[in-house]
Amino acid sequence: MDLFGETRAMVVEALDALEREGHLPEGLDLSAVTVEPPRDPAHGDMATNAAMVLARPARMKPRDIAALVAGRLGADPRIASAEVAGPGFLNLRLDPAVWLAVIPKILGQGRDFGRSDIGAGRRVNVEFVSANPTGPMHVGHMRGAVFGDALAGLLAFAGYEVTREYYINDGGGQVDTLARSVYLRYLEALGEEVAFPEGTYPGDYLVPVGQALAERHGRALVGKPESEWLAEFRDFATDAMMATIREDLALLGVEMDHYFSEKSLYGTGAIEKALAALEEKGLLYTGVLEPPKGRVPEDWEPREQTLFRSTAFGDDVDRPVRKSDGTWTYFAPDIAYHWDKISRGYDELIDVLGADHGGYVKRLKAVVEALSDGKVPLDVKLCQLVKLMKGGQEYKMSKRAGTFVTLGDVVAEVGRDVARFVMLTRKNDAPLDFDFDKVLEQSKDNPVFYVQYAHARANSVLARAREAGFDTDDGQLATADTGHLADPREIDLVRKVAEWPRQVQLAAQAHEPHRIAFYLNELAGEFHSLQHAGKLDPALRFVREDAPAVTRSRLALVRATQVVIASGLAILGVTPAEEMR
RNA sequence: GGCCCCGUAGCUCAGAGGAUAGAGCAACCGCCUCCUAAGCGGUAGGUCGAAGGUUCGACUCCUUCCGGGGCCGCCA
């Protein structure tokens, strides 16, 4: 448990005691009691809202309750002071030794410091990327890939058992289109004149695929009907595309635990079984939908289809699962896929999708709620668009025209670590500007650099200390007397590193890995600030050969900071910089 | 027309119902004989889009409206 959790436990203990002794009515609901850092540090280390939350149910004045709790907590040696403030806040100051104890703890636990058990081993499936296997990945996919991977890493660190999963959309019409596009490349490889009609994929990346098929078949398939080549070309091309996608993911350092093929749902009874489960719950029916509101498609006419009663779960209209010609809609395999995930025993599901899938969220949630009887929560995280900028200009992309910036291009240009970190400097539901010039800039304006610099600078300090004859081994530093850390700026940094476990919890609970990136930026700021204080006042320098005991305690703090930065970067999938060049 | 996301300092954005709303950039003023100035400190900058509501308390939750973006199909 982290310090905030421990302190909350102390508050709850005090409240329980007050109940037992009759100062407070019994049976109060304490779930709303929080212990948090106050916004204004002048108010103390931590503040609890206990008195205000309990005032009404206890029918007492908030400040009176606060005073009672203060009286109890004040007696605890871990609490330096407990003051009633404002409308009924209870401001707490911890004994400095309590804060300082976090340093040897970090040095002892290393990167495991901050690991949480809030996940309690619950199994969570994070599905992300799931780019159509019709071409290489572009920057839009990259955001989803990084976000999903970082979220998975975060949840694993918070005690969940995480599966990273990719859903291969290899069952629908778009892979037929892919096959036809590849057929054109096949003809082209044999010297035929070809044109790419509307609706085919003209990208160059299919050229080698066509060539490979030309080598395999020669002219045998020229002029032959689709029935003779479509299935083979489709499989060959999707395999080729998936191979490039896996390479792209590897470039980013993303490793999937499981690839799930949409195609595997067809002809195996999987879709039928999932729909039967819905049928059993009375959630399927045959009916006719209202025409869409607003702009009605030209060719719209009422037709009878099989519909899922998603309106029973808050969706706006019921959704078709089977077309009027009897074939499945895209939604049908999606139902089966989520049914499969539920059947595999996951306690929670997360889908990471592009913002253009916003209209799909309600029906997905509806179907998971229906199939799991409300037992498996599904969180859908939508990643907004990435706007690429270079030289003050925006890169325009068009998949249709085959003009897009691939993930590979971006990683080649800025590197994996920069690409990943930058993708996490915005929350997922806010649009992101990716400016090639800015992300490579070595300045405070660039959070990637700023955080990496702090890590590298810590390295530099430790190296210098070794030159001066200090032992910087973690085990040695853990024995340092942290009581020498007394300057307010040093204590600020101690407090910041001590916040790490709490940040992990908050980020994991919110499914928001960007919070880690922001925290690291703040932590780096505290560190740079303290480092600079040593420039103005030599007495504050980390390494002071005239004061070995002080130096050892400071080195312990420096190393603890470095460990937390490395730990945070590891969650985000970013390699800490050992030195800046 | 309906649904989703967004609206916070000049700009880019943080802000799990808490106290006097924060950071970076830009502006202005300072700080290198000194562990990386690739940095640090300070000043200035705000009716948190608007109006209601919920409550001890609202940037945060609810309703309506305004503005920006996205989505809408028997597509995937």
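Basis for what follows: all heavy atoms, side chains included, without hydrogens, waters or symmetry-related copies. Naming: A, B, ... by sequence-line order, numbering from 1 per chain.
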**OP:** Please name all residues satisfying side-chain hydrogen bond (donor to acceptor under 3.5 Å, both in side chains) with A:D170, sequence neighbours left out, ordered by chain then number.
**Re:** A:S261
Subject >> Toward the 5' end of RNA chain B, by each residue's nearest nucleotide, A:L382 or A:T329 >> reply: A:L382
Original post:
So does A:R426 get a side-chain nitrogen or oxygen closer than 4.0 Å to the phosphate oxygens (OP1/OP2) of B:C6?
Top reply: no
Original post:
Which residues pass the ring-ring contact (aromatic ring centres under 6.0 Å, His included) test with A:Y167, sequence neighbours left out?
Top reply: A:Y337
Original post:
What nucleotide, of B:C35, B:C4, B:G73, holds the atom closest to the side chain of A:K535?
Top reply: B:C35
**OP:** With P as the reference atom in both, quote the distance from B:A16 to B:C6 in angstrom, rounded to an integer.
**Re:** 12 Å
Mind listing the N/O atom pairs, protein and nucleotides 64-70 of chain B, below 3.5 Å?
none

Polar pairs (N or O, both sides) under 3.5 Å between protein and nucleotides 18-22 of chain B?
from  : atom 1 : to    : atom 2 : distance (Å)
B:A19 : N6     : A:N91 : OD1    : 2.5
B:A19 : N1     : A:N91 : OD1    : 3.1
B:A19 : N1     : A:N91 : ND2    : 3.0

Original post:
Who are the salt bridge (charged side-chain N to carboxylate O under 4.0 Å, His left out) partners of A:E522, not counting sequence neighbours?
Top reply: A:K496
Original post:
Mind checking what makes side chain to side chain contact (heavy atoms under 4.5 Å, CB included) contact with A:A454, not counting sequence neighbours?
Top reply: A:A524, A:F527, A:H528, A:I565
Subject >> Residues forming a side chain to side chain contact (heavy atoms under 4.5 Å, CB included) with A:D471, sequence neighbours excluded >> reply: A:D473, A:Q476
**OP:** Check ring-ring contact (aromatic ring centres under 6.0 Å, His included) between A:Y259 and all other residues, then give those that pass, not counting sequence neighbours.
**Re:** A:Y166
Original post:
Any idea how A:F331 and A:F308 line up, ring-wise: parallel (<30°), tilted (30 to 60°), or perpendicular (>60°)?
Top reply: tilted
Original post:
For A:R426, which residues count as a side chain to side chain contact (heavy atoms under 4.5 Å, CB included) partner, sequence neighbours excluded?
Top reply: A:R143, A:L432
Original post:
What stem regions, each of at least 3 consecutive Watson-Crick or G-U pairs below 3.5 Å, can be found for RNA chain B?
Top reply: B:1-7 with B:66-72, B:10-13 with B:22-25, B:27-31 with B:39-43, B:49-53 with B:61-65
**OP:** Just compare B:C35, B:G73, B:U36 and give me whichever is closest to any side-chain atom of A:E579.
**Re:** B:U36
Strictly under 3.5 Å: I want the nitrogen or oxygen pairs between protein and nucleotides 23-31 of chain B, one per line.
from  : atom 1 : to     : atom 2 : distance (Å)
B:G24 : O2'    : A:D445 : OD1    : 3.4

**OP:** Look at A:K323 and B:A76 and indicate whether a side-chain polar atom (N or O) is within less than 4.0 Å of OP1 or OP2.
**Re:** yes
**OP:** Would you mind telling me which of B:G39, B:A14, B:U36 lies closest to the side-chain atoms of A:H528?
**Re:** B:G39
Subject >> OP1 or OP2 of B:U36 under 4.0 Å from side-chain N/O of A:S460 >> reply: yes
**OP:** Only counting residues at least two apart or in another chain, list the ones meeting ring-ring contact (aromatic ring centres under 6.0 Å, His included) with A:F470.
**Re:** none
